[in-house]
Amino acid sequence: MERYNLVVIGGGSGGLVVAAGGVGLGARVALVEKHALPFTPPDGPPVQGMGGDCLQYGCVPSKALLAAAKAAHAARFGIRGAGDPGPQDLGPVMERVRAAQAAIAPNDSVERFTGLGVDVLLGAGRLKSPHEVEVNGTTVWGRNVVVATGSRARIPDVPGLADSGFLTNESIFDLRVLPKRLLVMGGGPIGVELGQAFRRLGSEVTIVSSSAHVCPKEDADVAAVLAAALRDEGVVVHDDARASSVAVRGGARVVAVTRKDGTSVDVETDAILVAAGRRPNVEGLGLEAAGVAFSEKAILADAKCRTNVPSVWAIGDVAGPYLFTHWAGYQAGIVLRNTLSPIALAKCDVENTPWVTYTDPEIARVGLSEEDAKAQGVPHRVFQAAFAHNDRAICDGTGGANFAKVVIDPKGRILGAAIVHPHAGDLLGEVVLAKKNGLPLSALGSVIHPYPSLSEIHGAVAREALKTSLTPGRKALLVKLAAFLRR
Ligand code: FAD
């Protein structure tokens, strides 16, 4: 039996980083992946692209689609006038999506990883014991086994849904004809991103969100800016509602949307996208045989990414708590350290993990939200600044209702931050760096931000906090000092 330091099951955002990092650090690594897709990059030979959801059905195609949708939106508003129907033929748009995937695919390819010295085993991996993984009838042994099998769309149990047919993130990028009407089940990041993209491409989009507002992990005031933008663009958003049944009538799907107050409305649609949460890919993995504990939400792993079985580790979507590519990659680094240099085990830094919803405007977040701080009884103060007063945003036309806010503790240290703005994702980094290093909000005010830049928003938030430090007593003292200085 072949023996490895690391046997990685799943060649996506998490597994690929473990595999590449492992061989880089001198380990013998086997990478088991059951789904590679053929891609033809613009400047090289065809490759078998691994990469999991991120490359195949997630981040990359959705961001490429959003970019195409943004261009279509700008063209419609700038040249053709609002309200023109979008292109019915999605072919060229999806070709662009495919081209973006193809350009990235070599990085995640079987060919590249084989070249790095990883033994890539194509097929479904199954644990036979805490150290043994079977692939296509062959069993390999790992000192450590890393499970990085990702997640898939959770399909809610809605009467009639299965019979009516529906799309998920795995099938939506196969569309070549734009649905005239699209109903999105789910108001989370995937639902709003794809909902906005299809609206901008020309579909009539309805989003059904089971929570009080879209992006339920964000504060209501932050999500409201996005919700208003979506509604402005013509997206119909039903909050506090759920699809309670689906029927097919005369070629169209009719979705009964039931609100929290019990009232119901029938929405006719041509296509349904299910984006109502995720399920971990744990089936057929042999977790039971290896004695690895898991729930319907995740493989149970601690902050060191250890499962209850010492040789088995779990990272990425299958383990959570975050379901992001950068989180999976970050956990991969923790596992590499804990398996190949296991002197003092490293822990994941959950509190400093940022995330972005890539709508227009984007929503970027790190740490505690204002509502969470209140709910958890954490002593805090909140300061915010509006992009309507940021000169660059005014010039760009991106002021509007967009804003940034920072939650601080009584000593002024940053507990969390949220930004809503078309470039929120790129603006958040500075706050993450400050928060991670325990800096106070005033540190953001001490940085010289170039004028006119969007980054001046950080200084503006810090100044709001500074203003509150000017108590009447301090102000009186300053007035006396000024009077003394002009004698
Ligand atoms: P994956 O990358 O999905 O990899 C899992 C791999 O395991 C897959 O290749 C699968 O084939 C393989 N596998 C499963 N079972 C087995 C088995 N038994 N044997 C062998 N192989 C197996 N995140 C972001 O950070 N930013 C974004 O903008 C973003 N956008 C997204 C948009 C959409 C539409 C979706 C659906 C997701 C998005 N995500 C985004 C989330 C991101 O895609 C995931 O968090 C990330 O891919 C998780 O990485 P992973 O390694 O856990 O799983």
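Both counts, for ligands and for their atoms, begin at 1 and track the order of listing. The first residue in the sequence is number 1, and the count goes up from there.
To the nearest 0.5 Å, the span separating CD1 on Ile363 from CH2 on Trp355 amounts to 11.5 Å.
The closest protein non-hydrogen atom to atom 47 (O) of ligand 1 is Ser13 OG, 3.3 Å. Among protein heavy atoms, the minimum distance from atom 18 (N) of ligand 1 is reached at Gly125 O, 3.2 Å. Of all protein heavy atoms, the one lying nearest to atom 53 (O) of ligand 1 is Gly150 CA, 3.3 Å. Of the protein's non-hydrogen atoms, Thr149 CG2, 3.6 Å is the one closest to atom 16 (C) of ligand 1. Atom 48 (C) of ligand 1 has its closest protein heavy atom at Asp317 OD1, 3.2 Å. Looking only at heavy atoms of the protein, atom 36 (C) of ligand 1 is closest to Asn169 ND2, 3.2 Å. Nearest protein heavy-atom neighbour of atom 42 (C) of ligand 1: Thr325 OG1, 3.5 Å. From the protein, the heavy atom lying nearest to atom 10 (C) of ligand 1 is Glu33 OE2, 3.5 Å.
Which parts of ligand 1 touch Ile9 is read off a 4.0 Å heavy-atom cut-off, strictly below it: atoms 17 (C), 19 (N), 20 (C). Close contacts between ligand 1 and Gly52 involve ligand atoms 1 (P), 2 (O), 3 (O), 4 (O), 8 (C), 9 (O) [criterion: under 4.0 Å to a heavy atom]. Near Ala124, meaning under 4.0 Å from one of its heavy atoms, ligand 1 places the atoms 19 (N). If you number the atoms of ligand 1 from 1 as listed, the ones under 4.0 Å from a heavy atom of Gly14 come out as 51 (O). Close approach to Tyr57 involves these atoms of ligand 1, each under 4.0 Å from a residue heavy atom: 34 (C), 36 (C). Counting the atoms of ligand 1 from 1 in the order shown, those under 4.0 Å from a heavy atom of Ser62 are 32 (C). Those atoms of ligand 1 that come under 4.0 Å of a heavy atom in Gly316, given as number and element, are 52 (O). Atom numbering of ligand 1 starts at 1 in the shown order; those under 4.0 Å from a heavy atom of Ala328 are 49 (O).
Using a 4.0 Å cut-off between charged side-chain N and carboxylate O, Glu170 and Arg152 make no salt bridge.
Side-chain contact between Lys304 and Lys347: present, with at least one pair of heavy atoms (C-beta onward) separated by less than 4.5 Å. Counting heavy atoms from C-beta outward, Leu6 and Trp313 have side chains that stay 4.5 Å or more apart. At least one side-chain heavy atom of Val192 sits under 4.5 Å from a side-chain heavy atom of Ile207.
A donor-acceptor pair shorter than 3.5 Å can be found between the side chains of Asp317 and Ser151.
Relative ring orientation between His421 and His423 is described as tilted, the plane-to-plane angle lying within the 30° to 60° band.
For Ile190, no nitrogen or oxygen atom sits less than 3.5 Å from a nitrogen or oxygen atom of ligand 1, counting backbone and side chain alike. Residue Leu285 has no nitrogen or oxygen atom sitting less than 3.5 Å from a nitrogen or oxygen atom of ligand 1, judged on distance alone. Residue contacts with ligand 1: Asp53 is placed with a nitrogen or oxygen under 3.5 Å of a nitrogen or oxygen of the ligand (distance criterion only). An N or O contact shorter than 3.5 Å is missing between Gly58 and ligand 1 by distance. Any N or O atom pair closer than 3.5 Å counts here, and Arg278 shares no such pair with ligand 1. For ligand 1, the polar-atom distance check against Asn281 finds no nitrogen or oxygen pair separated by under 3.5 Å.
The one candidate from Lys217, Lys405, His213 that meets the side-chain contact (heavy atoms from CB on, under 4.5 Å) condition with Val222 is Lys405.
Distances from atom 30 (N) of ligand 1 to the heavy atoms of His326, Lys63, Glu193, Arg126 put Lys63 nearest.
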Between Arg126 and Glu134, does the salt bridge (charged side-chain N to carboxylate O under 4.0 Å, His left out) criterion hold? Intermediate values first, please.
CA-CA 5 Å; Arg126 186 176 65 86; Glu134 188 189 85; 3.2 Å; yes

Intermediate values then yes/no, side-chain contact (heavy atoms from CB on, under 4.5 Å), Thr114 and Gln48
CA-CA 11 Å; Thr114 305; Gln48 295 188 77; over 6 Å; no

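The closest donor-acceptor contact from the side chain of Asn437 to the backbone of Leu439 lies at 3.5 Å or more, if one exists at all. Using modelled atom types, no side-chain atom of Ser171 and backbone atom of Leu167 make a donor-acceptor pair closer than 3.5 Å. Looking at Asn390, its side chain does come within 3.5 Å of a backbone N or O of Ser453 through a donor-acceptor pair.
Note on ligand 1: Ser151 sits outside its first shell, no heavy atom being nearer than 4.0 Å.
Atom CZ of Arg392 has 12 or fewer neighbouring heavy atoms from other residues, nucleotides or ligands inside a 6.0 Å radius.
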